[in-house]
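So the structure is just underneath, and the comments pick up after that.
Chain identifiers are assigned alphabetically (A, B, ...) following the order of the sequence lines, protein sequences preceding nucleic acid strands; residue numbering begins at 1 within each chain. All values derive from a computational prediction rather than experimental measurement. These values consider heavy atoms only, across backbone and side chains, with no hydrogens, waters or symmetry-generated copies.
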There are 2 protein chains.
Amino acid sequence: MAQNTAREPAPDASLSRGDETRGQLLDAGLTLFSRYGYDSVTTRQLASEAGANIAAIAYHFGGKRDLYRAVLHRLVEDTEPLVGPVAQRMAEGIAAAGADKAALARVVAGFVHGFTSIFLEGDFMAHRAPMVMREYANPSQDFDILYEGRLGPIHRSVTALAAAALGMDPDSPEAKIRAHAVMGNLVVFEVAKQLLMRRTGWEAYTPDRIALVRRMITEAVLNSLRLPHPDNGDRQ
Amino acid sequence: MAQNTAREPAPDASLSRGDETRGQLLDAGLTLFSRYGYDSVTTRQLASEAGANIAAIAYHFGGKRDLYRAVLHRLVEDTEPLVGPVAQRMAEGIAAAGADKAALARVVAGFVHGFTSIFLEGDFMAHRAPMVMREYANPSQDFDILYEGRLGPIHRSVTALAAAALGMDPDSPEAKIRAHAVMGNLVVFEVAKQLLMRRTGWEAYTPDRIALVRRMITEAVLNSLRLPHPDNGDRQ
DNA sequence: CCGTTTAATTCAATCGTTTGATTGAATTAA
DNA sequence: TTAATTCAATCAAACGATTGAATTAAACGG
């Protein structure tokens, strides 16, 4: 029931009729699955939200489950432009820093900044983050799609960072556990967002609040990894 | 389909017929809702798992949603014996420590030990933790039950601890955010358990692995809160 | 530039199942 | 005898999926 009566948004001429419906179904899937979970969403809701017919789901994807999988695949793909550069800079920063703790601290600050920007700022991750978190906390049979595509690679990057900061072997359980703890430091602000909102009396993240959260997380992670605090917030 | 053919477990004579069915439905609800979520579980599954008739759900609770709420309420109640003492010792420890950082460090070590024991050891929280985490990550209309009963109080306790360690006002956003980060440090080992399992090649938490995770978390949290490391693992 | 053909896509209608809930009779224990 | 509880049977509604006809837009031949 999205834009059936209102004006249709940008009927991209470069897309065929079918591709557009396909894309709208993927959008609807992301919006609804992320909010209510797989079983709570009906094919009729999906079709309605997409402005398409129920039969379009079977026609374009095969079935409801196949649409869900397609949503996960597209999520991995279209978050690459955001996550890729952050991971890239982190890898380069670690290699360049060597044993220089101050340099590693700047890498950490950059990572936290990038990560919180992706997850807490803007609308792009508004549905994608909850989608990831849902599979994160409660892996379905399609958990592999996100693990291979997003979660595993990020976790490996953070493990490299933790290992460098603490002088550990990146392949050791210890390094992986410490990295896991760092990830927890970050993702809890998305996973348990409602809990923080209630405790602080906030209703949503604003730029000011994100800046405060980012400052607190950066301090916590730097402390956690025994790294010095950079004098300024500069990350280059 | 649980114990219909096998021997029935302990038909407690002190319980009326109805109370026993009621309890078995609550058990079934905890087991199934925690694993599959509210919508994925059918009333027929619940009745079968409880060894009861479908109509028993309406008779004893009113409906499926009321059974779900009852499961949350009972979860808050029957975790009190575990969480209560940990929170109690933490509150007393903070009050007794004052500005003594070493004493606060022992409080932190005790808290981490207690928290990880509750969440990672034994069978008692095997279904309860995922149940909490499900509401944690994806609050339903009944989130209040857990927030008022468990999540809020624990978060307040940890905020008091973080505030004491960092010299902050316990009512400040900063303290609440730092506490939230600490909570993330801990709960990520339950929420994102599957991710850690894949990264480490583990299949489950064993006593050895729990001990290792506990050591890593304790170090990370102590560092994070700028507290000294106790010389031994003693927590009294 | 037109009319026709063709394949891709959309659509309303309907399929058989499963859902949560309800009924009134049967059973149990006090 | 009585009230509490369980039971098989059944309800209407909603579910995911499928069908064959209708519609659309592009390709083609004149």
The reported gap from OG1 in A/Thr43 to CG in A/Asn53 (rounded to nearest 0.5 angstrom) is 10.0 Å
Value in whole Å for how far the P atom of D/dG16 lies from OH of A/Tyr68: 15 Å
How many Å lie between CZ on B/Arg22 and C1' on D/dA4, as a whole number? 15 Å
Measure CG/B/Leu25 against P/D/dC7 and give the value in whole Å, please. 11 Å
For D/dT5, does either OP1 or OP2 sit under 4.0 Å from a side-chain N or O belonging to B/Asn53? no
Interatomic distance, B/Phe61 CZ vs D/dT5 P [rounded to whole Å]: 12 Å
What do you reckon, are the aromatic ring centroids of A/Phe119 and A/Phe189 less than 6.0 Å apart? no
So what does A/Ala56 touch, heavy atoms closer than 4.0 Å: a base, only the sugar-phosphate, or nothing? nothing
It should be established whether B/His60 places a side-chain nitrogen or oxygen under 4.0 Å from OP1 or OP2 of nucleotide D/dA4. no
Distance alone, cut at 3.5 Å: any donor-acceptor contact between the side chains of A/Gln45 and A/Glu49? no
Proximity to the side chain of A/Lys64 - top-ranked nucleotide from D/dG16, D/dA4, C/dT10: D/dG16
Write down the distance between CG (A/Leu67) and C1' (D/dC15), rounded to a whole number of angstrom. 16 Å
Of all the heavy-atom pairs spanning A/Met90 and A/Val158, show the shortest one and how long it is. CE-N, 4.5 Å
Return the value, rounded to whole Å, for the distance between atom OH of B/Tyr59 and atom P of C/dT23. 15 Å
Would you say that more than 12 heavy atoms from the other residues, nucleotides or ligands in this model lie under 6.0 Å from the CD of A/Gln141, or not? yes
Using heavy atoms and a sub-4.0 Å distance, could you list which residues of residues 30-43 of chain A are near DNA chain D? By number, please. A/Val41, A/Thr42, A/Thr43
Value for CD1 (A/Ile118) from CG (A/Leu186), rounded to nearest 0.5 Å, stands at 11.0 Å
Closest to the A/Ala58 side chain: D/dT18, C/dA8, C/dT22? D/dT18
Cation-pi between A/Arg128 and A/Phe124: NZ/CZ under 6.0 Å from ring centre and within 45° of the ring axis? yes
Send over the distance from A/Leu46 CG to D/dA14 C1', rounded to a whole Å. 15 Å
Starting at atom CD1 of B/Ile54, determine the distance to atom C1' of D/dC7, rounded to an integer number of angstrom. 10 Å
Identify, between A/Ala55 and A/Arg44, the residue whose nearest nucleotide on DNA chain C lies closer to the 5' end. A/Ala55
Looking at every heavy atom in both B/Leu120 and B/Ile210, which two are closest together, and how far apart are they? O-CD1, 3.3 Å
Heavy atoms only: give me the nearest A/Thr79-A/Val76 pair and the separation to one decimal. OG1-O, 3.2 Å
Using a 3.5 Å limit for the pairing distances, which stems of at least 3 consecutive Watson-Crick or G-U wobble pairs does DNA chain C take part in? C:1-30 with D:1-30
